[in-house]
Amino acid sequence: MSAEKKVVGTVTPQQRDEIQGLFERRNSLKELFMIVDPKNTALYERVVADMSETQKKFDQWWSDRAKEYQWESAENGNWEIDFQTCEIFLVNHPCANCH
């Protein structure tokens with residue numbers, strides 16, 4: 001079974017830019033994490049701390065916008081954004097472990 005996806009709202013271009021910056025930073029840190037040598041303790045710990053802080057900001061952005069706009073949610077769902085249109089989609093997964 002595939003996930004169902006439907007538009008549940010939009011955000012402002014400024015809000016889109018906020019989450020896009022966090023999204024790109026999170027992805028860059030994931031890439032960096034894969035190449036940093038754990039033996040370089042200072043750098044490794046800095047990347048891990050930055051990843052944690054960025055993830056918190058990312059999650060908080062979604063939580064804040066969901067409250068602000070009263071987006072529909074689902075137990076096995078998550079929200080996604082189309083960076084071009086600023087549309088927010090609810091992606092509802094048919095099973096708990098699918099996403």
Query raised in the report: With under 30° as parallel and over 60° as perpendicular, where do the rings of Tyr69 and Trp71 fit, or are they tilted in between?
Result: parallel
Report task. With sequence neighbours left out, write down each residue that passes salt bridge (charged side-chain N to carboxylate O under 4.0 Å, His left out) with Glu4, or none if nothing qualifies. Result -> none
Only pairs under 3.5 Å count here: list side-chain donor-acceptor contacts from residues 81-91, not counting sequence neighbours, and write none if there are none.
unit_1	atom_1	unit_2	atom_2	d
Asp82	OD1	Gln84	N	2.8
Asp82	OD1	Thr85	N	3.2
Thr85	OG1	Glu87	N	3.2
Thr85	OG1	Glu87	OE1	3.1

Show me, pair by pair, the donor-acceptor contacts under 3.5 angstrom made by side chains of residues 30-47, not counting sequence neighbours?
unit_1	atom_1	unit_2	atom_2	d
Asp37	OD1	Lys39	N	2.9
Asn40	OD1	Leu43	N	3.4

**Report entry** Euclidean distance, Glu53 CD relative to Asp50 CG, rounded to 0.5 Å
**Finding:** 8.0 Å
Requested in this report: Test Arg25 against Lys57 for side-chain contact (heavy atoms from CB on, under 4.5 Å), laying out the working first.
Outcome: CA-CA 11 Å; Arg25 182 172 186 84; Lys57 289 178 182 177; over 6 Å; no
Query raised in the report: Is there side-chain contact between Lys6 and Asn92, with at least one heavy-atom pair below 4.5 Å?
Result: no
Query raised in the report: Does Asp64 have any side chain to side chain donor-acceptor pair (under 3.5 Å) partners at least two apart in sequence or in another chain, and if so, which?
Result: Gln60
Report task. Report the residues that fulfil side chain to side chain donor-acceptor pair (under 3.5 Å) with Trp61, sequence neighbours left out, ordered by chain and then residue number. Result -> Glu18
Requested in this report: Look up atom CD1 in Ile19 and atom CD in Glu80, then write down how far apart they are to the nearest 0.5 Å.
Outcome: 12.0 Å
Query raised in the report: Can you name the residues that form a side chain to side chain donor-acceptor pair (under 3.5 Å) with Asp59, not counting sequence neighbours?
Result: Gln55
Requested in this report: Decide yes or no on side-chain contact (heavy atoms from CB on, under 4.5 Å) for Glu24 and Asn27, but give the supporting numbers first.
Outcome: CA-CA 5 Å; Glu24 290 172 357; Asn27 287 345; 5.8 Å; no
